[in-house]
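Okay, so here's the structure we're looking at.
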Number of protein chains: 2
Amino acid sequence: MISQTAEYALRAVVYLADHGGDPKTNVQIAEATQVPTGYLAKVMQGLSRARVVNSQRGLNGGFTLKESPDELTVLAVINAIDPIRRIHECPLGLPSHGTTLCPLHQRIDNAAALVEEAFGDTTISELLDVPKSRKPLCRFPIAKGE
Amino acid sequence: MISQTAEYALRAVVYLADHGGDPKTNVQIAEATQVPTGYLAKVMQGLSRARVVNSQRGLNGGFTLKESPDELTVLAVINAIDPIRRIHECPLGLPSHGTTLCPLHQRIDNAAALVEEAFGDTTISELLDVPKSRKPLCRFPIAKGE
DNA sequence: CCTACAATGGATGTCAAGATCCTTTTGTCG
DNA sequence: CGACAAAAGGATCTTGACATCCATTGTAGG
């Protein structure tokens with residue numbers, strides 16, 4: 001449905017949203033979200049370039065959200081990393097389907113539109129508005145060593 | 001949204017549905033659907049194993065649909081090749097999320113469910129019930145050399 | 001029974017996503 | 001300024017999706 005990389009990005013954003021405004025380092029995020037440290041660095045670079053997060057180098061640096069979790073949608077995060085591909089022209093390159101997709105590709109594109117809509121309607125803060133035990137990434141009630 | 005391979009499978013099935021009941025060879029399907037011949041052979045094998053199509057070897061052999069296009073859904077074809085992956089347990093393996101997904105993964109799974117539903121509600125014959133110029137795979141009104 | 005036809009299956013090649021590691025750059029603080 | 005912290009960026013590795021090619025097996029028709 002979404003790529004592994006997009007899922008990683010979402011976890012990171014959710015973590016940032018749920019842990020105050022002060023910068024979190026790549027290592028902190030990686031540990032909390034169970035994402036390979038080295039790979040997360042690349043993902044965070046992507047989020048930074050897409051202006052979803054701020055990055056700050058040096059001591060006490062790290063990543064922070066650029067937007068409020070109320071404003072930031074799941075779709076925005078996904079599109080920053082691995083955009084939902086809509087179908088705008090016939091994949092077979094048939095000229096007669098140039099403007100109007102055939103029913104097959106129209107249905108596929110329609111499914112993409114549904115996904116886009118669902119993710120576009122969900123903000124990051126909505127994901128956190130639940131009892132603690134069901135919060136994303138939360139190890140509660142295990143909570144050993146954190 | 002769906003894999004390249006699943007798209008190939010759908011094209012092949014649509015072609016079979018739209019061209020009568022007599023067997024079509026791999027080469028015929030490949031040319032009509034613009035799918036690499038060698039690769040389509042693998043895809044058709046998959047459809048055959050999944051019992052979406054019949055296969056017949058030898059002279060005048062080829063592939064036919066096993067079910068009526070009225071009964072066969074887009075989802076059935078996709079699932080035969082590259083199933084829509086639903087999320088049934090927490091991808092982070094968090095024990096506290098074992099049964100109840102966190103909002104993040106619930107939303108992602110919900111998107112998958114939307115897609116499943118949309119494709120499950122569409123039959124192959126619905127895709128063909130349109131004016132000729134908008135039929136899937138159809139080159140009309142160009143129609144040079146076919 | 002022989003031959004041409006067509007699917008099957010195996011081996012292999014290519015490429016992008018996912019992942020790792022190391023060096024360089026930028027920033028903070030003492 | 002000097003030392004350290006942290007992101008940025010480059011090089012490389014692995015794996016699976018996509019793709020090609022060829023040998024084998026099964027089948028109809030002469």
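Note that the coordinates shown come from a computational prediction; the quantities given were computed from them, not determined experimentally. In what follows, chains carry the letters A, B, and so on, assigned in the order in which the sequence lines appear, proteins first and then strands, with residues in each chain numbered from 1.
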Phosphate OP1/OP2 of D/dA7: any A/Q45 side-chain N/O under 4.0 Å | no
With the side chain of A/T25 defined as its heavy atoms from C-beta on, choose the nearest nucleotide among C/dT8, D/dA6, D/dA5.
-> D/dA6
Rounding to a whole Å, what distance do you find between B/L40:CG and C/dA7:P?
-> 9 Å
For C/dG9, does OP1 or OP2 lie under 4.0 Å from any side-chain N or O of B/R49?
-> yes
Spacing between A/Q34 atom CD and C/dA19 atom P, to the nearest angstrom = 13 Å
CZ of B/R86: more than 12 outside heavy atoms within 6.0 angstrom?
-> yes
Expressed in angstrom and rounded to an integer, what is the separation of A/K24 atom NZ from D/dA5 atom C1'?
-> 16 Å
Check whether any side-chain N or O of A/Q28 sits under 4.0 Å from OP1 or OP2 of D/dA6, and answer yes or no.
-> no
Nearest whole angstrom, please: distance from the P of D/dA7 to the CG of A/L16.
-> 11 Å
Give B/T37 one of three labels, base, sugar-phosphate or nothing, depending on what nucleic acid heavy atoms sit under 4.0 Å from its own.
-> nothing
Residue-phosphate contact under 4.0 Å: A/N60 side-chain N/O, C/dC29 OP1/OP2 = yes
How close or far is atom P of D/dA8 from atom CG of A/L47, stated in whole angstroms?
-> 11 Å
Say whether B/H105 and A/E7, considering side chains only, have a donor N or O and an acceptor N or O under 3.5 Å apart.
-> yes
Same hydrophobic cluster for A/I108 and B/L114, using side-chain heavy-atom links shorter than 4.5 Å among ILVMFWY?
-> no
Describe the nucleic acid contact of B/T5 in one word from base, sugar-phosphate, nothing, applying a heavy-atom distance below 4.0 Å.
-> sugar-phosphate
For the pair made of CZ in A/R11 and P in C/dG18, what is the distance, rounded to whole Å?
-> 12 Å
Is the distance from OP1 or OP2 of D/dA7 to the nearest side-chain N or O of A/S48 less than 4.0 Å?
-> no
Note: B/E126-A/R107 ion pair, threshold 4.0 Å (strictly below) = yes
Could you check how far CE of B/M44 sits from P of C/dA6, rounded to whole Å?
-> 14 Å
From the list D/dG10, D/dA6, C/dT8, which nucleotide is the closest neighbour of the side chain of B/R57?
-> C/dT8
When rounded to whole Å, the CD to C1' distance for the pair B/Q4 and C/dT14 reads 15 Å
Does OP1 or OP2 of C/dG18 have a side-chain N or O of A/Y39 closer than 4.0 Å?
-> yes
Cut-off 3.5 Å, side chains only: do A/Y39 and A/T5 have a donor facing an acceptor?
-> yes
Between A/K42 and A/Q56, who's closer to the 5' end of DNA chain D by nearest nucleotide?
-> A/Q56
Side-chain atoms of B/L59 come closest, of C/dT20, D/dA5, C/dC5, to C/dC5
Any A/S55 side-chain nitrogen or oxygen under 4.0 Å from OP1 or OP2 of D/dA8 = yes
Show your reasoning for whether side-chain contact (heavy atoms from CB on, under 4.5 Å) applies to A/F63 and A/N26.
-> CA-CA 7 Å; A/F63 299 96; A/N26 180 59; 4.2 Å; yes
